[in-house]
Chemist: 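Just passing along the structure, written as structure tokens.
Only heavy atoms go into these numbers, but all of them, side chains included; no hydrogens, no water, no symmetry mates.
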Amino acid sequence: MTEGRNHYSYSTYADPETARAFDRKRFGGPIGDLIASAQARVLADFVGTIRGRTILDVGAGTGRAALLLARAGANVTAVDASSEMLAVARRRAAEEGATVRFLKGDAHSLDFPDRSFDVAVSLRVIMHAPQWRQCIGELCRVAEQLVIVDYPSAYGAAAIESMARRIAHAAGVETEAYRVFTDRTVADAFSSHGFRVRAVHRQFVLPIALHKAIGSRRFTLAAEASLERAGLLRFFGSPVTLVAERCASS
């Protein structure tokens with residue numbers, strides 16, 4: 001990694017206040033709750049049978065996905081590069097009485113044998129990771145069956161925000177200058193490791209920031225349903241969550 005630990009994806013989440021406030025900022029309010037419930041539903045659909053499966057959550061953050069999967073009966077290992085985020089995750093697990101193995105680690109170099117988990121999950125990681133292709137390679141290496149990731153679409157409103165953030169970052173402003181992806185770019189990365197995309201889910205056409213600013217669950221559901229009926233979700237929906245499966249020949 002050329003940027004190493006100075007990259008914002010490490011420094012931002014090493015801040016204790018960022019870790020404490022992450023869930024509130026990301027999943028607070030009616031739209032945050034809508035995002036969280038959609039994420040839970042998509043994960044369950046993509047994983048299929050959860051109980052008894054071994055699942056690795058990479059970039060686990062405060063443990064939301066890991067705890068969801070553990071509550072459903074999976075044997076979950078959760079990895080994150082931030083000790084501060086892991087501290088929040090461990091506290092949440094203890095409060096819920098959930099069993100999750102939390103470990104500090106880096107998505108670019110996972111300290112596990114090949115094919116040591118049934119499923120690998122990594123949410124909100126490749127958009128921020130310094131070397132995202134390396135991360136996908138590691139997810140594919142340790143997963144026996146499935147890999148689930150998400151990313152902002154290069155054709156959605158996120159592309160405009162991403163460009164603005166990258167310009168600001170280049171000018172010295174502290175911001176999360178995330179990247180956006182085309183479906184083909186991500187599919188090709190998986191294909192190079194013997195995986196093929198099995199299914200995708202697209203969430204919003206309008207920017208999440210707009211939905212949060214309006215703060216109305218009813219408006220969001222009605223507006224997005226109208227845009228989906230108009231055929232726009234298929235082309236502009238973001239974020240995109242996909243599940244890739246190992247090809248029989250790999």
Chemist: Between the side chain of Arg64 and the main-chain N/O of Ala40, is any donor-acceptor distance below 3.5 Å?
Modeler: no

Chemist: Could you see if Leu68 belongs to whatever hydrophobic cluster contains Val119? Use Ile, Leu, Val, Met, Phe, Trp, Tyr and a side-chain cutoff under 4.5 Å.
Modeler: yes

Chemist: Write down the atom of Val142, the atom of Ala120, and the distance for their closest heavy-atom approach.
Modeler: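 In this case the closest contact between Val142 and Ala120 is CG2-CB, 4.5 Å.
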
Chemist: Over all heavy atoms of both residues, which pair between Met85 and Ser82 is shortest? Give the atoms and the distance, please.
Modeler: N-OG, 3.0 Å

Chemist: Tell me if the CZ atom of Arg234 is crowded by more than 12 foreign heavy atoms within 6.0 Å.
Modeler: no

Chemist: So Glu245 and Arg196, do their side chains get closer than 4.5 Å, heavy atoms only?
Modeler: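 Touching, per the 4.5 Å side-chain cut-off.
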
Chemist: Looking only at non-hydrogen atoms, find the nearest pair between Val125 and Gly59 and report the distance.
Modeler: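 Taking every non-hydrogen atom into account, CG2-CA, 3.8 Å.
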
Chemist: Do Leu146 and Leu123 belong together in a cluster built from hydrophobic side chains that touch within less than 4.5 Å?
Modeler: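 In one cluster: yes.
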
Chemist: Answer yes if Val121 and Val42 sit in the same cluster of Ile, Leu, Val, Met, Phe, Trp and Tyr residues linked by side chain heavy atoms under 4.5 Å apart, and no otherwise.
Modeler: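 Linked within one cluster.
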
Chemist: Has His193 got a side-chain atom pairing as donor or acceptor with Phe195's backbone, closer than 3.5 angstrom?
Modeler: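 No, because the side chain of His193 does not come within donor-acceptor range (under 3.5 Å) of the backbone of Phe195.
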
Chemist: Do Phe236 and Leu227 have side chains that get closer than 4.5 Å, going by heavy atoms?
Modeler: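 No, their side chains stay 4.5 Å or more apart.
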
Chemist: Step by step, would you call Leu69 with Asp57 a side chain to side chain contact (heavy atoms under 4.5 Å, CB included)?
Modeler: CA-CA 9 Å; Leu69 294 164; Asp57 183 9; 5.5 Å; no

Chemist: Spell out, as yes or no, whether a donor-acceptor pair under 3.5 Å connects the side chain of Ser37 to the backbone of Leu34.
Modeler: yes

Chemist: With rounding to the nearest 0.5 angstrom, report the NZ to CG distance, Lys104 to Asp80.
Modeler: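 Lys104 NZ to Asp80 CG: 9.5 Å, rounded to 0.5 Å.
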
Chemist: Where do Leu103 and Leu86 come nearest, in terms of heavy atoms and distance?
Modeler: O-CD1, 3.6 Å

Chemist: Shared ILVMFWY cluster between Val58 and Leu43, side chains joined below 4.5 angstrom?
Modeler: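 As far as the 4.5 Å side-chain criterion goes, Leu43 and Val58 are not connected within one cluster.
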
Chemist: If hydrophobic clusters are built from ILVMFWY residues whose side chains come within less than 4.5 Å, do Ile148 and Val76 share one?
Modeler: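 Yes, same cluster.
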
Chemist: Between Val79 and Phe112, is any pair of side-chain heavy atoms under 4.5 Å apart?
Modeler: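 SC-SC contact between Val79 and Phe112 confirmed.
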
Chemist: Per the side chain to side chain donor-acceptor pair (under 3.5 Å) rule, which among Tyr178, Tyr10, Tyr8 passes with His128?
Modeler: Tyr8

Chemist: Taking the side chain as every heavy atom from C-beta outward, state whether Leu110 and Leu56 have any atom pair closer than 4.5 Å.
Modeler: yes

Chemist: Would you compute the distance between atom CZ of Arg246 and atom CZ of Arg115 and round it to the nearest 0.5 angstrom?
Modeler: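 Nearest 0.5 Å value for the CZ-CZ distance: 3.5 Å.
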
Chemist: Any chance you could measure Arg124, atom CZ, to Gln39, atom CD, to the nearest 0.5 Å?
Modeler: 9.5 Å

Chemist: Do the side chain of Ser116 and the main chain of Pro113 share a donor and acceptor less than 3.5 angstrom apart?
Modeler: yes

Chemist: May I ask you to decide whether Glu138 forms a salt bridge with Arg141, counting only side-chain N to carboxylate O separations under 4.0 Å?
Modeler: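 Yes, charged N to carboxylate O under 4.0 Å.
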
Chemist: Quick check: does any side chain N or O of Ser238 sit under 3.5 Å from a backbone N or O of Ala158, one acting as donor and the other as acceptor?
Modeler: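 No; zero donor-acceptor contacts below 3.5 Å.
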
Chemist: Taking all heavy atoms of Ile50 and all of Ala72, pick out the closest pair and write down the distance.
Modeler: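 Scanning both residues completely, I find the closest heavy atoms to be CG2-CB, 3.6 Å.
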
Chemist: Answer whether the closest heavy-atom distance between the side chains of Trp132 and Thr185 falls below 4.5 Å.
Modeler: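 Yes - at least one pair of side-chain heavy atoms lies under 4.5 Å apart.
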
Chemist: Tell me, please, which residues at least two apart from Asp183 pass side chain to side chain donor-acceptor pair (under 3.5 Å).
Modeler: Tyr151, Arg202

Chemist: Within a strict 4.5 Å, meaning less than it, do heavy atoms of the Ile214 and Thr220 side chains meet?
Modeler: no

Chemist: Okay, side chain of Lys212, backbone of Lys25: is any donor-acceptor separation there less than 3.5 Å?
Modeler: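 Answer holds: yes.
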
Chemist: By side chain to side chain donor-acceptor pair (under 3.5 Å), which residues pair with Asp45, not counting sequence neighbours?
Modeler: none

Chemist: With a sphere of 6.0 Å drawn around CG of Asp33, does it hold more than 12 non-hydrogen atoms of other residues, nucleotides or ligands?
Modeler: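 Yes - once you tally the heavy atoms of other residues, nucleotides and ligands closer than 6.0 Å, there are more than 12.
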
Chemist: Give a yes-or-no answer on whether the side chains of Asp118 and Thr54 include a donor-acceptor pair shorter than 3.5 Å.
Modeler: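 A donor-acceptor contact under 3.5 Å links the two side chains.
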
Chemist: Atom CG in Asp188, atom OG1 in Thr182: separation rounded to 0.5 Å?
Modeler: 8.0 Å

Chemist: A side-chain contact here means heavy atoms from C-beta on lying under 4.5 Å apart; do Ile136 and Ser192 qualify?
Modeler: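 Contact flag for Ile136/Ser192 side chains = no.
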
Chemist: Check whether any side-chain heavy atom of Asp23 sits under 4.5 Å from a side-chain heavy atom of Arg92, and report yes or no.
Modeler: yes

Chemist: Which atom pair, heavy atoms only, marks the closest approach of His211 to Glu224?
Modeler: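 Result for this residue pair: NE2-OE2, 2.7 Å.
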
Chemist: Roughly how far, to the nearest 0.5 Å, is CZ of Phe22 from CG of Asp15?
Modeler: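 Reported value, rounded in 0.5 Å steps: 13.0 Å.
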
Chemist: Dump the intermediate steps for side chain to side chain contact (heavy atoms under 4.5 Å, CB included) on Phe190 and Leu242, then the final yes or no.
Modeler: CA-CA 11 Å; Phe190 275 105; Leu242 69 76; 3.7 Å; yes

Chemist: So, does Arg101 use its side chain to make a donor-acceptor pair with the main chain of Asn75 at under 3.5 Å?
Modeler: no

Chemist: Once you round to the nearest 0.5 Å, how far does CD1 of Ile208 lie from CD1 of Ile35?
Modeler: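 With rounding to 0.5 Å, CD1 (Ile208) is 4.5 Å from CD1 (Ile35).
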
Chemist: Take atom CZ in Phe27; do more than 12 heavy atoms of anything else shown fall under 6.0 Å from it?
Modeler: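 Enclosed.
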
Chemist: Please confirm whether the backbone N or O of Phe46 pairs with a side-chain atom of Arg198, one donor and one acceptor, at under 3.5 Å?
Modeler: yes

